[in-house]
There are 4 protein chains.
Amino acid sequence: MSIVTSNSESTASAGRPRSEEAHQAILDATLALLVTSGFSALTVEGVATRAGVGKATIYRRWPSKVHLVMEAFSQLPGLKEVDTGSLVGDLGKMLRSYVEILNSTPLAAILPSLAGERAHNPELSKLFDPLLKERRQPVIHALERAVERGEVRSDIDYDLTADLIFGPIVMRVFFTGSRINPKILGPVIDAVLRGITPRPRDQPG
Amino acid sequence: MSIVTSNSESTASAGRPRSEEAHQAILDATLALLVTSGFSALTVEGVATRAGVGKATIYRRWPSKVHLVMEAFSQLPGLKEVDTGSLVGDLGKMLRSYVEILNSTPLAAILPSLAGERAHNPELSKLFDPLLKERRQPVIHALERAVERGEVRSDIDYDLTADLIFGPIVMRVFFTGSRINPKILGPVIDAVLRGITPRPRDQPG
Amino acid sequence: MSIVTSNSESTASAGRPRSEEAHQAILDATLALLVTSGFSALTVEGVATRAGVGKATIYRRWPSKVHLVMEAFSQLPGLKEVDTGSLVGDLGKMLRSYVEILNSTPLAAILPSLAGERAHNPELSKLFDPLLKERRQPVIHALERAVERGEVRSDIDYDLTADLIFGPIVMRVFFTGSRINPKILGPVIDAVLRGITPRPRDQPG
Amino acid sequence: MSIVTSNSESTASAGRPRSEEAHQAILDATLALLVTSGFSALTVEGVATRAGVGKATIYRRWPSKVHLVMEAFSQLPGLKEVDTGSLVGDLGKMLRSYVEILNSTPLAAILPSLAGERAHNPELSKLFDPLLKERRQPVIHALERAVERGEVRSDIDYDLTADLIFGPIVMRVFFTGSRINPKILGPVIDAVLRGITPRPRDQPG
DNA sequence: TCGTAAGCGAGACGGTACGTCGAGTCTTGCT
DNA sequence: AGCAAGACTCGACGTACCGTCTCGCTTACGA
């Protein structure tokens, strides 16, 4: 059972089982309305109507709109583990695929809403934070492998470095909302690996 | 006149002048409630009550919650222009001071909420985006000076590099909500300038 | 179904049924507030608060304050049909009972307020006028029986005569607001029946 | 000084005297708006705008909308003293002229509003009641003369009889709001004088 | 096979906030 | 001190959703 899903598969109980059909219809309606209306304009009433479901059926499964949106969010794809043998290759492949996800799913629209809510909602924070940690693991693993290979200095802070790598992407998702141009990934990876200072070998002489 | 402020300095008009006291009380109440509740849970009614003011007094000055929040936000301090003669010095001083601001004002609590709303609220986006652009200018200027001095490669993308620098700070503000430890600034600046790969001169010969 | 009542007896519908308890609490609160404040100072918000009910519960049943007040008003007792065999007896019994009602229910306090509003409120007028017409029918019927019996001239205008009979009572309700002394009824009925001029048989000779 | 007017002519005071021009402009605007909008839709703000006057100028003179309307009302014409030598003649002339006033001024529209308000507003009642008493005096005087002439029984209650005479007119003003047809006056006066029972001399002998 | 417990859509429940308007009061500069 | 103008606080408007609560009705399990 996932962190965010409710215990629908727990101890077989008497009575009518919950409708899996309704469950998915609700999540689908949620994602659809998130795309068209955004998080704060999303109403549980609207989700219920679109899903052809009673409000109680939603509240029976999720304690609040935030939790509902969070489960919808958790269904969206994330980073995939990639091992090409080099950090440049790993990061390039992972980030390119991630940008593709950001550009083709509601993920980019939902992420800032949840982060914005997280700050004032400890309950959400409790669910959201581990999820976020989990979702960046592929990059952490790639960094660990790179350190083992000697490609990267061994004294780096993994979390901080992951922040450095995700930073430019997240900055754009949060502050511009526009499509992420995959062309920025090359320069970003290059800067992270080798810095922005001039390189001796690039200089004549 | 700023983008978000109203034309308070315009020609003295007939009738009772608007109360400057009420104006500031409203902005103060807005900031206080943004910290505790966030943007979407902020109600104009709540602001009015806390400021000891009628709702009409708020709507007379700001056409919507968005405009009100933007003016309150724009009162918070931001990056200061710094010129120490080196990029390391400039970034160190600027970011250290910025982290101090994040740790001592409601800025860190408000920023994610606004970013989360921005994605679905074009009206907010229209006011917020230029404000954000303006607020990162000191770093852009420092980078420009560094390029002129030859400290930094001349082919860098200024915006992308600014994203790279702010990234780790913003990531922590948005996804952890905790105090920012100023100790991360050194490694961040170092990584941005020289990358995370091993350095030839650090290696034993 | 009455003009003012809603179709509560219609086919049982889906969903939670409307609370009969809330319905009566709202009407009671309406009458109480009409007495203390009058129609124009009556607020739906005030009724909701006093009835311990949400505003929506009121608007779900009555489309406007006018309809609500009309249903509350229509619950108050009115003239009762009486047939004693003589017009003097009918009027005496009916009016005595009506004065008792005026002196013991909120009717006397509510009536002027509604009449005052009626003049400028077509919606109210549309509901109120038929109700008023209906409420004076017992007197009209008594007059009709009296005409049949030859007790009263056959060329009288029933409505005008009813106005003549109610006139003194209504004048006092509207312009003094005090209790109506039942002792005026004898002289009123006498004057209506036999006029105020001296009577031949009362004169000597 | 009238009962309802404020002390505009009281002890000559320091400062600028109140503008008599403004005073009349306000009353005119009030009557004009009463005709077009009715009492409840009349706003002090609207009166001020139409009179080209500040709201404070109105509130300086009248404590509320009701008082303002009352003074406007008191400017409207009322019953005129008439002495034709017979009660039938007096009442005929007076009532015919009064009905003409009701049909051609806002009086009929204002009267119910004030009566409706009177019931819940003791302050208004204090001003309104003596005015009403004063306005019916011509009928009382005509009755007194008729008693002296022996046209009317000497044991009648003057007030009650006045109520009987005004009753049908007031009933129609309050409960129908329509024009008063002057043709009802003949039957009303006849009924008051001689009753509605069959007359011996009308019967065949 | 059938009772029953839980789920179902529907919709009413008491609340809260919306953005607007008018009430009655207060505060300018001017007359 | 009065004036026009227009700010002030307050509170009601009728609507939309909140999250909860009945309704009458399935539905599928286990006695």
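Chain letters run A, B, ... following the sequence lines, proteins first, then strands; residues in each count from 1.
For the pair A:E20 CD and E:dG7 P, the computed distance is 14 Å after rounding to whole Å. Rounded to a whole Å, the CZ atom of B:F39 is 11 Å from the P atom of E:dC18. What separates CZ of B:R18 from C1' of F:dT9 is a distance of 16 Å, to the nearest Å. One interatomic measurement links the two molecules: CG of C:L68 to P of F:dC13, which rounds to 11 Å at whole-angstrom precision. One can place CZ of B:R61 at 17 Å from P of E:dG19, the figure rounded to the nearest angstrom. Atom pair D:E45:CD and E:dT25:C1' shows a separation of 13 Å (rounding to whole Å applied). Between the OH atom of D:Y59 and the P atom of F:dG2 there is a distance of 18 Å, given to the nearest Å. Separating the NZ atom of B:K65 from the P atom of E:dT20 is a distance of 15 Å, rounded to the nearest angstrom.
Between B:G15 and C:P63, the one whose closest nucleotide on DNA chain F sits nearer the 5' end is B:G15. Along DNA chain E, the nucleotide nearest B:S64 and the nucleotide nearest B:P17 are compared for position; the residue whose nucleotide lies closer to the 5' end is B:S64. Where A:G52 and D:L42 each meet DNA chain E at their nearest nucleotide, the meeting point lying more 5' is that of A:G52. Two residues, A:A56 and D:K55, neighbour DNA chain F, and the one matched to the more 5' nucleotide by heavy-atom proximity is D:K55.
Not a single donor-acceptor contact under 3.5 angstrom links the side-chain atoms of A:R16 to the base of E:dC8.
In D:Q24, the CD atom is crowded: over 12 heavy atoms of neighbouring residues, nucleotides or ligands sit closer than 6.0 Å.
Each of E:dG24, F:dC17, F:dA5 was ranked by its minimum atom distance to the side chain of A:T43; first place goes to F:dC17.
For the residue pair C:R18/C:H23, the side-chain donor-acceptor check at 3.5 Å is not satisfied.
Dashed line: the shortest gap from a side-chain N or O of A:T57 to OP1 or OP2 of E:dG9 is under 4.0 Å. Close to E:dT25, at under 4.0 Å from its OP1 or OP2, lies no side-chain N or O of D:R60.
Partner A:E117 forms a side chain to side chain contact (heavy atoms under 4.5 Å, CB included) with one of B:P112, B:S40, B:S113 and no other, that one being B:S40.
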**Prompt:** Does the pair C:R50 and C:D28 meet the rule for a salt bridge (Lys or Arg N to Asp or Glu O under 4.0 Å), with working shown?
**Reply:** CA-CA 9 Å; C:R50 185 184 241 265; C:D28 291 349; over 6 Å; no

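Annotation: cation-pi pair D:K65/D:Y59 absent, no NZ/CZ under 6.0 Å from the ring centroid and within 45° of its normal.
Counting any heavy atom pair closer than 4.0 Å across all strands shown, C:G46 reaches no nucleic acid atom.
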